[in-house]
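So the structure is just underneath, and the comments pick up after that.
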Amino acid sequence: MTTAANAATGAPSTTAGRLLSLGRAEATLLLRNRTALFTAVVLPVVLISSLRGILKKQAENNPGLDVDSMLVYGSVGMVLAFVVYYNLTAAYVGRRGELVLKRLRTGEARDIEIMLGTAVPSLVLGLLMAALIGVGGGLGLHLTVPVNPLLMLVGLALILGTMIALAALSSAFTKTVESAGITTLPVMLVMQFGSGLFVPLEVMPSQLADACRLLPTTPAFQLIRVGWFGTDGSAAATGFAGSWGTAAPHLVTGTVWLGLAVWGAVRYFRWEPRR
């Protein structure tokens, strides 16, 4: 039962019902916005088509680089970056400018429900696209089955949580939907080049690679990589048990960054435009 139906009948609404109602409304707005839909669906695919050429050139100087596995890993990461982080930042800014967020706060929905409800379509679309790339690329390129699927899920949950918090934080410094492309650019560049999506960390100078491993989104992406391939590129691949040891530093660093991102979002997120 939706929130509107509950209000009409006098029945108390539930968290799941409120999230579903908010997500359905946000999905409708996303489908009507051709620019947002293009950015979320078409642009990542265009970038993915150029990623293979970039990785092949890097493999020429690094013969041990597995281009196929890095192609799938980088493609999944880019899809999540555009569909979840960028698209959600623009959504928060747009709903704030339309006073939708302010009006929602006067209803039954709690603040966290409003933020998560707005994120539902981006999360669902991002996960669907990532799954298609992961399964299709894995089968088409004959990649190995994941070493530790549980670790992949942990990394996925961590990166999605971090992206939602970063989107909320970025929206606080974004005045209009049109300027979201500028304000999100630093984080997008960090994700693409500092998290090993475009340039694998193992081909970087060691000191630069160590610094990149401490960036906000790198640990979660590395958890996904370790869970799938058993290595983050810094050592030989391991099995299920060994992958936990490899993942431990990334898990700690990623959890710290998630906490900082959530704190920043709570501290700086704005529910209505500045007058």
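Worth knowing before you read on, the calculation uses all heavy atoms, side chains too, and leaves out hydrogens, waters and symmetry mates.
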Report whether [X] and [Y] are members of the same hydrophobic cluster (ILVMFWY, side-chain heavy atoms less than 4.5 Å apart, transitive linking).
X	Y	answer
V84	L156	yes
I224	F198	yes
V256	L215	no
M70	L201	yes
L197	M188	yes

Grab the two heavy atoms, one from [X] and one from [Y], that are nearest each other, plus how far apart they are.
X	Y	result
L251	T255	O-OG1, 2.7 Å
I133	S75	CG2-CB, 3.7 Å
R103	T106	O-OG1, 2.5 Å
M152	P146	SD-CB, 3.5 Å
A168	A265	CB-CB, 3.8 Å
C212	G194	CB-O, 3.2 Å

Practice prompt. Sort out for me which residue in N87, L160, T89 forms a side chain to side chain contact (heavy atoms under 4.5 Å, CB included) with S122.
Written response: N87
Flag, side chain of [X] to backbone of [Y], donor-acceptor distance under 3.5 Å:
X	Y	result
Y92	M115	yes
T246	T231	no
S179	I182	no
Q192	L189	no
S21	R18	no
T162	L158	yes

Item to complete: Compute whether any side-chain donor of one residue and acceptor of the other, for S195 and T217, lie under 3.5 angstrom apart.
Response: yes
Practice prompt. Tell me yes or no: between the side chains of S171 and T174, is some donor less than 3.5 Å from an acceptor?
Written response: no
Straight-line distance of [X] [atom1] to [Y] [atom2], nearest 0.5 Å:
X	Y	atom1	atom2	result
Y86	M191	OH	CE	13.0 Å
R96	E272	CZ	CD	10.0 Å
L166	W257	CG	CH2	9.0 Å
M204	F193	CE	CZ	9.5 Å
L123	T118	CG	OG1	10.5 Å
L223	S243	CG	OG	10.0 Å

Can you confirm whether [X] sits close enough to [Y] that some side-chain heavy atom of one is under 4.5 Å from a side-chain heavy atom of the other?
X	Y	result
W228	V147	no
L99	P273	yes
P200	V203	yes
M163	L88	no
F269	L169	no
Y85	S170	yes

Item to complete: Applying side chain to side chain contact (heavy atoms under 4.5 Å, CB included), run through N148 and V226 and close with a yes or a no.
Response: CA-CA 8 Å; N148 190 338; V226 173; over 6 Å; no
Discussion item. I'd like to know whether L139 forms a side chain to side chain contact (heavy atoms under 4.5 Å, CB included) with V135, so could you lay out the CA-CA distance, the side-chain angles of the two residues, the decisive distance to 0.1 Å, and finally the verdict.
Written reply: CA-CA 6 Å; L139 294 175; V135 174; 3.9 Å; yes
Fill in: Geometric cation-pi criterion, R105 with W271: 6.0 Å, 45°
yes
Worksheet item: Is it true that E202 and R225 have a side-chain N and a carboxylate O under 4.0 angstrom from each other?
Response: yes
Discussion item. I'd like to know whether W244 forms a side chain to side chain contact (heavy atoms under 4.5 Å, CB included) with L150, so could you lay out the CA-CA distance, the side-chain angles of the two residues, the decisive distance to 0.1 Å, and finally the verdict.
Written reply: CA-CA 10 Å; W244 289 105; L150 180 59; 3.9 Å; yes
